[in-house]
2 protein chains.
Amino acid sequence: VTPLPAGFTGHVANVGVKDTTDDFVVISATRPVPSAGVFTKSRFAGPSVLVSRQHLADGMAQAIVIVSKNANVANGPDGLADAQELASGVADRLGCAPDDVLVASTGVIGRRYPIERVRAGIAALPSPLGGASADDAARGIMTTDTHPKVAEAQVGDGPARVVGFAKGVGMIEPDMATMIAVLLTDAELTSTELDTCFRGVVDSTFNCVSIDTDTSTSDTAVILASGAAGRADVAEFEAALRSVCLTLTKMIAADGEGAETLIEVTVDTARDAAQAKRVAKAIVNSPLVKTAVHGADPNWGRVAMAIGKCSDDTDIDQDRVVIRFGGTEVYPTRVDDDGLAALSKYLAGDEVTIGVSLDTGDASATVWGCDLTAGYVRINADYTT
Amino acid sequence: VTPLPAGFTGHVANVGVKDTTDDFVVISATRPVPSAGVFTKSRFAGPSVLVSRQHLADGMAQAIVIVSKNANVANGPDGLADAQELASGVADRLGCAPDDVLVASTGVIGRRYPIERVRAGIAALPSPLGGASADDAARGIMTTDTHPKVAEAQVGDGPARVVGFAKGVGMIEPDMATMIAVLLTDAELTSTELDTCFRGVVDSTFNCVSIDTDTSTSDTAVILASGAAGRADVAEFEAALRSVCLTLTKMIAADGEGAETLIEVTVDTARDAAQAKRVAKAIVNSPLVKTAVHGADPNWGRVAMAIGKCSDDTDIDQDRVVIRFGGTEVYPTRVDDDGLAALSKYLAGDEVTIGVSLDTGDASATVWGCDLTAGYVRINADYTT
């Protein structure tokens with residue numbers, strides 16, 4: 001069990017949004033503390049995102065409330081009113097200002113909250129909140145996740161910690177952050193330090209995962225720093241934060257809807273980081289690469305095809321590209337039939353690494369995704385109604 | 001049976017590229033005739049594409065040879081030599097210059113042709129070629145297509161015709177043209193007229209289909225005009241060409257790998273045609289929209305999500321967007337439970353139309369795709385080795 005960092009309390013409950021599993025999570029500091037967040041760029045962003053973005057404008061927040069099993073998206077003015085009521089109701093119970101409460105939601109789009117049940121959940125909030133763990137919170141925000149996603153790291157030699165919990169599954173190609181990820185630390189940092197660190201880390205972790213190329217309307221990643229463990233070295237803090245976010249990112253990729261295999265793609269010797277990431281994403285998002293991995297088929301031609309899709313990268317020359325499965329070069333040097341059999345065995349494992357060298361420069365990037373299975377189709381053909 | 005237009009002969013055979021089904025197609029005019037082509041922009045374009053692009057530089061060609069079941073891609077200098085030998089071998093038999101022969105290939109990437117068998121196939125070519133029909137040719141270029149794709153139209157009141165045959169299946173999001181499509185006409189047009197018409201038509205037909213967002217290394221669409229039926233009105237010719245290409249496009253979408261439902265997405269009242277096509281593609285390519293259609297689930301929230309992915313289109317306002325399934329508005333006006341049941345029935349049909357109004361201008365675009373099924377996963381997890 002991973003306790004929340006010092007200076008935070010938590011409450012997790014079922015209020016009956018959809019079924020009897022936990023669906024209502026509130027985490028609070030004892031006062032407004034430095035906070036930062038990154039959100040979906042979707043043109044159908046939900047009111048939770050709009051409200052949280054607004055409430056974070058001053059770099060301070062005290063609490064976050066998360067409702068799962070209903071995204072409260074595309075519900076017009078009613079949806080916005082519901083999100084605002086959620087923030088102000090929680091603020092009332094905690095004795096803080098509504099604009100110090102962040103809101104996040106995940107689940108079906110286009111349905112209103114069962115607002116009476118949500119109100120009852122707010123009224124039942126203990127004050128102060130109780131001792132819910134990060135694991136409790138992670139369970140409370142799950143939808144089709146098969147297990148809760150929690151990670152922690154110590155900042156340098158301590159005592160400060162970074163604790164994160166997240167949910168992933170489908171509709172995951174974050175443009176700013178993944179579905180919902182909450183990072184908490186008891187390190188003391190300014191809002192500006194926090195924001196700078198967090199954006200940098202998110203860009204190379206959550207923004208490098210893709211399950212199905214679909215971008216959620218509700219993507220939200222926030223961090224709150226209680227300061228209860230005292231001032232931390234910023235570089236040590238950033239390393240701890242990166243470690244936690246990276247662990248959560250890989251958990252999200254490995255637990256993609258229907259996923260059986262985690263795919264890690266690293267592109268190196270690229271012109272710049274953007275090119276490396278673009279090519280890596282083209283590979284990890286290719287349905288034909290994903291199905292080849294699922295079928296344990298060392299069909300590197302599909303990786304070549306996916307690289308080729310980056311047609312604006314005219315400096316990519318197929319005669320200078322190198323492709324590897326695991327550490328084994330498969331193009332341009334070919335492997336023999338024994339080698340192919342060994343690779344097929346490798347691809348049948350839980351984690352597969354695809355490496356590509358472009359020879360257009362010296363930048364690199366790593367991204368994570370998963371295989372495409374009949375399970376993905378089943379889950380998403382049956383979800384909702 | 002659809003005969004080739006006047007002025008063309010054809011030969012279809014099995015040369016044993018992979019199995020005993022037809023895999024070798026040659027179509028020829030009696031002399032070099034005005035021709036045009038569009039090709040993949042892939043950075044891993046195969047030598048067939050390179051050779052054909054070069055041979056079409058003068059706007060003239062006499063023949064095309066198509067090998068199926070092997071794409072001859074990513075084979076280095078050997079692959080280029082094989083493609084050139086294919087063109088010059090066929091040219092020898094037909095008595096024309098090698099640079100008047102176009103080459104196209106489709107199938108597995110990264111394997112060389114069984115070149116001795118291909119040579120035997122060339123040696124066995126009758127001269128002149130025989131009377132193969134467009135249906136024979138369409139069958140000869142199939143890989144995982146479940147049926148041959150042929151379409152024809154009369155130019156105005158005739159006698160000129162446009163006949164096309166194509167293959168589709170997976171790895172289909174053409175950036176210039178789909179996998180392989182051959183258009184033949186006996187109308188008389190100049191190379192320039194042909195090129196202008198063809199590019200315009202391809203842009204609103206083949207370039208508007210997507211099966212799985214993967215772009216082939218071998219995409220090729222070419223047209224040859226024998227002129228045997230005499231001079232045609234260009235506008236009438238363009239209308240006939242558009243009709244044939246549109247029919248083939250819809251056939252390709254409906255026969256996507258594993259597909260059970262053809263999805264047509266029309267976006268109107270967009271700022272410009274590019275925005276309309278971008279939003280329409282975002283919808284038709286969304287795995288969550290595709291699985292919702294497969295599950296006959298009127299989950300319009302996923303269409304909203306897909307529209308939202310176009311995050312650079314900052315003029316798209318979720319409060320002004322309208323979404324329809326069939327002709328039925330589902331957002332912002334909601335349908336009741338009876339309406340949802342009726343929509344579910346509609347989505348279970350063979351063809352589904354999704355309509356979106358953006359209210360950002362007066363442009364529109366229509367694109368075609370298919371549902372995502374366990375069949376797609378099965379076909380692509382098992383293909384190749």
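A quick note: this is a predicted structure, and the numbers were derived from the prediction, not measured. All chains are named by letter (A, B, ...) in the order of the sequence lines, taking the proteins before the strands, and each is independently numbered beginning at 1.
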Does D350(A), at its CG atom, have more than 12 non-hydrogen atoms belonging to other residues, nucleotides or ligands within less than 6.0 Å? no
Taking every non-hydrogen pair under 4.5 Å, which of G308(B), A45(B), G295(B), S344(B) racks up the most with chain A? G308(B)
Just give me the residue among S286(B), G110(B), A292(B), A304(B) that pairs up with chain A most often, heavy atom to heavy atom, under 4.5 Å. A304(B)
Would you kindly say whether R378(A) and T373(A) are connected by a side-chain donor-acceptor distance under 3.5 Å? no
Where does V293(B) contact chain A at under 4.5 Å (heavy atoms): side chain, backbone, both or neither? neither
Heavy-atom contact with chain B under 4.5 Å, split by part of A306(A): neither
Check each atom of P332(B) against the heavy atoms of chain A and say whether the ones under 4.5 Å are side chain, backbone, both or neither. neither
Hey, which of D272(B), V265(B), V267(B), D203(B) is the one that makes side chain to side chain contact (heavy atoms under 4.5 Å, CB included) with K277(B)? D203(B)
For chain B, which candidate among T314(A), D371(A), V330(A), D312(A) shows the most heavy-atom pairs at distances under 4.5 Å? T314(A)
What are the two closest non-hydrogen atoms of R302(B) and L288(B), and how far apart are they? NH1-O, 2.9 Å
Does either side chain, that of Y113(B) or that of S105(B), offer a donor lying less than 3.5 Å from an acceptor on the other one? yes
